[in-house]
Amino acid sequence: MDIDGTKFGISKIKGYELASSEAFKRAKIEKRSPMEISQEIVGTLKEHPWVEEAVAINGYVNVKLSPKFYLEYKPELKENGTVAIEYVSVNPNKPWHIGHLRNALTGESLKRIYQAFQYDVVALDYIDDLGLQVAQSYWYWKNYGIKEHERFDWAVGLAYVEAAKLFEEHEKEVREILKEMEEKGISRNFVEKVLWDQLKTAKAYGIFHHMRVFESDIARDLFNKTIELLKEKGFLVYHEEGELKGTWTTRGNRVVIRSDGTATYLGKDIVFQLWKMGFVSGLRFEEREDPTGKVWYSNIKGIEKEINADKVINVIGIEQSLPQQEIAKVIKEIYPEKEYIHVAYQKVRLKDVSFSGRKGTWIGYSADELLEEGIKRIKSKELALSAIKFFILKYTPTKEVIFEWDKALSTEGDSGIYVMYAYVRAGSVLKKAEVNPLLKELNEGDREVAKWFLAWEFYLKKALRYNDPSAIAEYLLELAGAFNSYYGKVKLKNNETGLWVTEQVRKYLKQGMELLGMPIVEEM
RNA sequence: GGGCCCGUAGCUCAGCUUGGACAGAGCGGCGGCCUUCUAAGCCGAAGGUCGUGGGUUCAAAUCCCACCGGGCCCGCCA
């Protein structure tokens, strides 16, 4: 933050909130010593009503802020625009495993972060109902039947492991089924049945979308319309000869339409992304009630809806970076002013194995089992959710997560439970307060906590700018830690300023926890 | 061959995009603290060639170059 044109960060010196190293930078330009300049800055700051004390230490400027500052300062957190965030988009032939959960929690948290900046946010879920995975599952179901299970996503997921083993031998038949799916829509009911049960997991974890789009609804009219337009405007290239003879590709020579006239996955993806930006319209929706609540489902019979996003964010595995880059390039050509962002996340895996739907390595590590185990260990659904969500979101998305039960469900140290505990503790202090909270004077100890009130803006903007909820998790740990330490040293219940600090701590902890989708509890 | 991600304490990670104070947490291990607002907590000590080597700079974990280790991607599959 800036005071009188000098940039400040959080101070490392005890009892000071802000620090600046600008004297070093100016020293270079002005050819004077940092000491001299830092003294000068201190001189000008002393007049400022927000500054209670400013000191120069070895060329650095450290500042104590005045109570007036805390009562007046409001960070600027409003930005404009429409953002479409796509996340989860799990193949509808298996239950969610922990990797899918990472995607879901990241997307849901980003949704909330963008909403905090007052963007218009549309959360989208893409249902690949015409994929090969679904075809394999559907084919297996038709030929071998599927073992009963209380959840259809589980029944199909378990069968898919078997189906995958038979795939090579029966590929021809499966391809036949795939063709029928595309032409006659034979699998839509099957897919919706799986999706319905997958969404029970979404509900349990608090994942809420505004729209669900089925590939089969894009595949026909919208697809052709978009491709024709792209051809017309010269964004696609036709190859008369060579290896790519008869295909339409991007300018980067990635095939969009095969020589047999069918679409590649990349082609379909480009069409969907462009729809989000308003390049074409015509996708229809109807509102339906599903396990997560009311959601707009794509459907040929519904009403036309469009998003016209300025910014499109897709939470997709990092292994898809290359095709994602290609899509970004195409979009950049068409909409230089818009943003296309691939939020790339690494795998969640066990020590030696990564989760795979095909190999069945997810069994025992489904999102449902994780929550179940959490409730068993922590004895509370809310706390189990807090622990799990925090555990997953505290890692930067590009970092691989090695899954271990004890870590995922940890209740001590840098865990979601630690943060919750600080929040509940602050609430308890306020409840038992003997005086009213009132900001009077801030002493060294108060300032150690108050620093983090300023830092909120910094961490929140960082989370937005880098599309990384882990910045929020980090913030929560810092603030909770500062408060717990403060609590250990300072008697609060008859301390007016201390209670004011406690109130603020609660406020910021709550905001942060909400952005991560953690449930808020008042007692534990 | 081209590209992407990761490499920081015994283990798991922050910090790197915008270069600045002695590199921070948690877990594990060691020593303390529950008649006092909730001990799912707090305090203290221990633990580091920031993968390696160069370069830029008053200043490098951070920027640039080269290299090493681990993982991944480069189809008219989806």
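The sequence lines fix the lettering, A, B, ..., with proteins before strands; numbering per chain opens at 1.
Heavy atoms of A/Ser410 sit nowhere under 4.0 angstrom from any nucleic acid atom. Across all strands shown, A/Tyr418 has heavy atoms under 4.0 Å from sugar-phosphate atoms exclusively, and none from any base.
B/G51 and B/G69 have their P atoms separated by 16 Å, with the value rounded to a whole Å. Rounded to whole Å, the P atom of B/A46 lies 13 Å from the corresponding atom of B/G24. Distance check on atom C1': B/A9 versus B/C50 gives 10 Å, rounded to whole Å. Going from the C1' atom of B/A66 to that of B/G48 covers 25 Å, rounded to whole Å. Between B/G28 and B/G41, the two P atoms lie 10 Å apart (nearest whole Å). Here, B/G7 and B/C67 have their C1' atoms 14 Å apart, quoted to the whole Å. Here, B/G44 and B/U56 have their P atoms 42 Å apart, quoted to the whole Å. Between B/U18 and B/C11, the two C1' atoms lie 32 Å apart (nearest whole Å).
At B/G75, none of the side-chain N or O atoms of A/Arg254 fall inside 4.0 Å of OP1 or OP2 (strictly under the cut-off). Look at A/Ser21 and you won't find any side-chain N or O under 4.0 angstrom from OP1 or OP2 of B/G19. Within the 4.0 Å cut-off from OP1 or OP2 of B/C77, at least one side-chain nitrogen or oxygen of A/Arg258 is found. The side chain of A/Lys491 places no N or O atom within less than 4.0 Å of a non-bridging phosphate oxygen (OP1 or OP2) of B/C37. Taking side-chain N and O atoms only, A/Lys462 has a distance below 4.0 Å to OP1 or OP2 of B/G15. Dashed line: the shortest gap from a side-chain N or O of A/Lys399 to OP1 or OP2 of B/G7 is under 4.0 Å. At B/C76, none of the side-chain N or O atoms of A/Thr264 fall inside 4.0 Å of OP1 or OP2 (strictly under the cut-off). Within the 4.0 Å cut-off from OP1 or OP2 of B/A39, at least one side-chain nitrogen or oxygen of A/Tyr487 is found.
Applying the 90° criterion around 0 to the glycosidic angle, B/C33 comes out anti.
Residue A/Phe214 contributes atom CZ, which lies 20 Å from atom P of B/A78 at whole-angstrom precision. If you take NE2 of A/His239 and P of B/C76, they are 10 Å apart, rounded to a whole angstrom.
Among A/Glu53, A/Glu448, A/Lys451, A/Lys64, the one residue that satisfies the side chain to side chain donor-acceptor pair (under 3.5 Å) test with A/Tyr16 is A/Glu53.
Of the listed nucleotides (B/G26, B/C43, B/G41), B/G41 has the atom at the smallest distance from the side chain of A/Arg425. The side chain of A/Asp414 lies closest to B/G26 when the candidates are B/C76, B/A21, B/G26. For A/Thr396, taking side-chain heavy atoms from C-beta onward, the closest of the listed nucleotides B/A21, B/A78, B/A14 is B/A14. Picking from B/C37, B/U57, B/A21 the nucleotide with the shortest atom distance to the side chain of A/Lys28 gives B/U57. Across B/A40, B/C11, B/C73, the shortest atom-to-atom separation from the side chain of A/Glu319 is found for B/C73.
If you check the side chains of A/Gln324 and A/Tyr340, you find a donor sitting under 3.5 Å from an acceptor. Of the N and O atoms on the side chains of A/Asn314 and A/Gln273, at least one donor lies less than 3.5 Å from an acceptor on the other residue.
In this pair, A/Trp452 and A/Tyr475 present their aromatic rings perpendicular. The plane angle is above 60°, beyond the 30 to 60° band.
Of all the heavy atoms in A/Ser356 and A/Trp362, the pair that sits closest is O-CD1, 3.1 Å.
Proximity of a side-chain donor or acceptor of A/Thr361 to a complementary backbone N or O of A/Ser354 within less than 3.5 Å is detected.
Contacts classified as side-chain hydrogen bond (donor to acceptor under 3.5 Å, both in side chains) and involving residues 241-251 of chain A (residues at least two apart or in different chains) are given here: A/His239-A/Thr249, A/Thr250-A/Glu326, A/Arg251-A/Glu333.
With sequence neighbours left out, A/Trp141 forms a ring-ring contact (aromatic ring centres under 6.0 Å, His included) with A/Tyr138, A/Phe190.
A stem is defined here as three or more consecutive Watson-Crick or G-U pairs, each with both distances under 3.5 Å; for RNA chain B these stems are B:1-7 with B:68-74, B:10-13 with B:24-27, B:30-33 with B:41-44, B:51-55 with B:63-67.
Looking at heavy atoms from C-beta onward, A/Asn484 lies in side-chain contact with A/Tyr418 at the 4.5 angstrom threshold.
For A/Asn62 and B/A21, a side-chain-to-base donor-acceptor distance below 3.5 Å is present, hydrogens and geometry of angles not being considered.
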